[in-house]
Participant: 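Before anything else, here's the structure in question.
Protein chains get the first letters and strands the later ones, always in sequence-line order, with residue 1 at the start of each.
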Amino acid sequence: MHLLDPLAPDLPQVPTRDGFGKTVVELAEKDLNVVGLTADVAESVRMHWFAEKFPDRFFQCGVAEQNMAGVAAGLAYAGKMPFIAAYGVFSPGRNWDQIRVALCYGDANVKIEGSHTGLTVGPDGATHQALEDIAIMRVLPHMTVFAPCDAMEARKATIAAAKINGPVYIRCSRDKAPQFTTEKTPFEPGKAAMLKDGKDCAVVACGAMVHESLLAAAELEKNGVDAAVVNMHTLSDVDGKTLEEIARKTGRIITVEEHQIVGGLGSAVCEALSEKYPVPVKRIGMKMEFGESGTAKELLEKYGMNAKNIAKVCREMISAKR
Amino acid sequence: MKITLENERDLKLMANSIRSDIMEMLVEAKSGHSAGPLGLAEVYTELFFREMNYDPKNTHLEGRDRFVLSNGHVAPVLYATMSRAGFFPKSEIMGLRKLGSKLQGHPSKKWLPGIENSSGPLGQGLSIACGMALAGRLDKKTWRVYCAMSDGEHDEGATWESILFAAKYKLDNLVAIMDRNFIQIDGKTEDIMPLEPLGKKYEAFGWHVISVDGHDFGALRRALSDARGTKGKPTMIIANTVPGKGVSFMEHLYEWHGKPPSKEQAQAALLELANERAKIEARTDAKGNASGGGKEAAAHLDAGARKGAAAKKS
């Protein structure tokens, strides 16, 4: 697996929204049918690069996410490939019905960027921290859901989204995050990436929590615990085969997500394992509560989603009697 | 090939046939909406048998006009019209709302070729129509987008989002036709959530607004022609209709918004419609031609509607 050392102090710090935004521009250079839409948050969600380069193919929808999704569906029915970008709390938070009917039931070739997801949005507080978006997207038939772990993977997810003929949700974050994957790191939709092998437990994570999990695994290693780390970047159809393999090997799974522990990655992993090879699972994430203002670092610490707590949960799970 | 009807007598007979089909479908389905579909027979006849350019046997025809239905619950009028227009055999209309049928309770592009958008949830259609109109303009196409809406769905905030959007982007290749029948499920629109002055609201939002009698073919034709000639802004045609039109015991009653007739009621409705048909047939061709504005012979519809050229360019 091609990875930069997750502990390296000089890793590039790039938000996943940048990986998305730059890649949409690249895609649009090659494909005249790519169009971009946003809801009064162009720069925030990194759609401004597209808007500057392709003003004729950019549509500013104003603060109206429902209409944006419907307009995108109409564009798609007429042969375009719209990328709609807004904050995750509003899109898909507010326009779920349009996404369900016009995009999913209607098989519209529309790509949704939900930016500013998770706790790491930080100071904006609970209203702006999308912690339920995976749940409401992965439950929809025909929807593909990607939660890339860094900006490089966001780039790959965006390219993969363009190759899928149908609706895709790409979950992005506002905060800068270490870019530890490279051009050569494989990204195959629906196939979980085994970033670190291990035999004592397996940490399955998505988004920014993948890096935290790698840090946790490094810390555990110092204590003689061999933890596997899996990047579950595709959440619409979690990779049950890989989950079964690591469940057989390690016997215990820890899921980590910047999302409610209900309905998201943790749930998806439990659903898959319970049908294939049930083992004990601990879910790390928001425990059905709302966030608050604070820095990303403070929030991850307070709500138990940093490397330190991930390592702690792993140790507790390993020492607990079966 | 599209069937084009030019004279008023033919159009009226078609609307009458569509109403009968609606009653037959609904009594067979035992659920569905009666009032709205009955009130729309003239609007749909005008759109499908005169105004729009399409080929029922080639539903992906690139240059076709796009018909976007927003208030999907009026599906019976769309299905009856499409079957009469040749999209699918009339025998299939009795499948309405049944397992495995193309005629889903609310229209689905997945199930029925010729349906451009799956609808049901109110307040979505105009957004979709805006997107199509934008795409048409981007590709420099001459096809137009027709969006059929209800009045009740103007309660939805999202409808107003798309009204703003269409005006901002000056979508003059888009025309919306509102079924202004003043009813919704729970009552009269002005009691449930007052909408008036609706036309003035659209004007204030930057639209070209035309208010017409939704049962008057001449008025509908003039309005659609006016819309085609309007540049720089989208057009809203407010079609003032009588809900339940053609079936006396359903007319104007919101109670008929969302329910089908019983067998006895359907029989009574079909009898009324047959009587109306006889009256239309009894009228002279000359009269029909005079108000219809066409020179086509008044062929009896059920004996095989006259096939006209579909090549009418918008």
Side-chain angles (χ1 to χ4, degrees), chain A residues 28 31-40 54-84 86 90-111 140-142 166-167, chain B residues 59-60 62-70 72 104 106-111 115-141 143-147 149 153 156-169 171 173-174:
Chain A
D31 185 348
L32 286 173
N33 282 322
V34 170
V35 294
L37 295 84
T38 191
D40 200 28
F54 304 104
D56 297 342
R57 285 194 263 159
F58 170 73
F59 303 107
Q60 173 58 266
C61 297
V63 196
E65 296 80 10
Q66 298 180 71
N67 183 57
M68 175 172 72
V71 168
L75 282 159
Y77 297 161
K80 300 295 169 193
M81 190 198 291
F83 284 75
I84 65 174
F90 309 128
S91 175
R94 184 164 293 188
N95 53 15
W96 187 82
D97 178 39
Q98 282 79 4
I99 293 172
R100 174 175 180 263
V101 177
L103 269 51
C104 292
Y105 186 45
D107 274 325
N109 193 19
V110 176
K111 320 305 166 191
L140 291 172
H142 303 184
Chain B
T59 54
H60 292 288
E62 203 283 320
R64 73 193 184 280
D65 288 331
R66 267 64 167 179
F67 178 76
V68 175
L69 175 59
S70 188
Q104 294 290 298
H106 292 82
S108 167
K109 71 194 275 278
K110 175 186 159 191
W111 287 84
I115 298 288
E116 302 280 359
N117 66 303
S118 300
S119 57
L122 297 173
Q124 284 195 13
L126 190 57
S127 297
I128 293 169
C130 286
M132 287 181 174
L134 270 185
R137 178 194 289 171
L138 276 174
D139 293 341
K140 300 185 168 57
K141 302 295 183 188
W143 48 262
R144 294 174 61 75
V145 184
Y146 295 83
C147 181
M149 305 171 71
E153 72 179 315
E156 288 279 6
T159 299
W160 296 95
E161 293 182 4
S162 41
I163 293 168
L164 285 167
F165 185 93
K168 175 191 172 184
Y169 284 101
L171 298 176
N173 53 348
L174 165 69

Participant: Does Lys109(B) come within less than 4.0 Å of Asp107(A), counting only side-chain N to carboxylate O?
Facilitator: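 Not counted as a salt bridge, because no side-chain N and carboxylate O are separated by less than 4.0 Å.
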
Participant: Quick check: do Arg66(B) and Trp143(B) have side-chain heavy atoms less than 4.5 Å from each other?
Facilitator: yes

Participant: Quick check on Glu65(A) against chain B: is it the side chain, the backbone, both or neither that has a heavy atom closer than 4.5 Å?
Facilitator: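 Contact with chain B: backbone only.
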
Participant: Measure distances from Leu138(B) to the heavy atoms of chain A and classify the residue's part below 4.5 Å as side chain, backbone, both or neither.
Facilitator: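 When you check distances to chain A, only side chain atoms of Leu138(B) fall under 4.5 Å.
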
Participant: Atom CZ of residue position Arg64(B) - does it have more than 12 heavy atoms of other residues, nucleotides or ligands inside 6.0 Å?
Facilitator: yes

Participant: Which of the residues Val71(A), Val101(A), Asn95(A), Val63(A) is involved in the greatest number of heavy-atom pairs with chain B at under 4.5 angstrom?
Facilitator: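 Most heavy-atom pairs under 4.5 Å with chain B: Val71(A).
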
Participant: Got a list of side-chain donor-acceptor pairs under 3.5 Å for residues 121-130 of chain B, not counting sequence neighbours?
Facilitator:
{"from": "Gln124(B)", "atom 1": "NE2", "to": "Asp97(A)", "atom 2": "O", "distance (Å)": "3.2"}
{"from": "Gln124(B)", "atom 1": "NE2", "to": "Asp97(A)", "atom 2": "OD2", "distance (Å)": "3.1"}
{"from": "Ser127(B)", "atom 1": "OG", "to": "Asn67(A)", "atom 2": "OD1", "distance (Å)": "2.7"}

Participant: Calculate, to the nearest 0.5 Å, the distance between atoms CG and CG belonging to Leu32(A) and Asp56(A) respectively.
Facilitator: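 The distance works out to 11.5 Å.
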
Participant: Please classify the contact between Lys168(B) and chain A as side chain, backbone, both or neither, with a heavy-atom cut-off of under 4.5 Å.
Facilitator: side chain

Participant: Any idea which of Ala69(A), Gly106(A), Gly62(A) has the most non-hydrogen atom pairs under 4.5 angstrom with chain B?
Facilitator: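 Most heavy-atom pairs within the cutoff with chain B belong to Gly106(A).
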
Participant: Measuring heavy-atom distances to chain A, does Ser108(B) have an atom under 4.5 Å in its side chain, in its backbone, in both, or in neither?
Facilitator: both

Participant: Counting only non-hydrogen atoms closer than 4.5 Å, does Ala102(A) touch chain B with its backbone (N, CA, C, O), its side chain (CB onward), both, or neither?
Facilitator: both

Participant: Can you tell which part of Glu116(B) gets under 4.5 Å to a heavy atom of chain A, answering side chain, backbone, both or neither?
Facilitator: backbone

Participant: Has the side chain of Arg57(A) got a donor or acceptor atom that lies under 3.5 Å from a matching backbone atom of Val34(A)?
Facilitator: yes

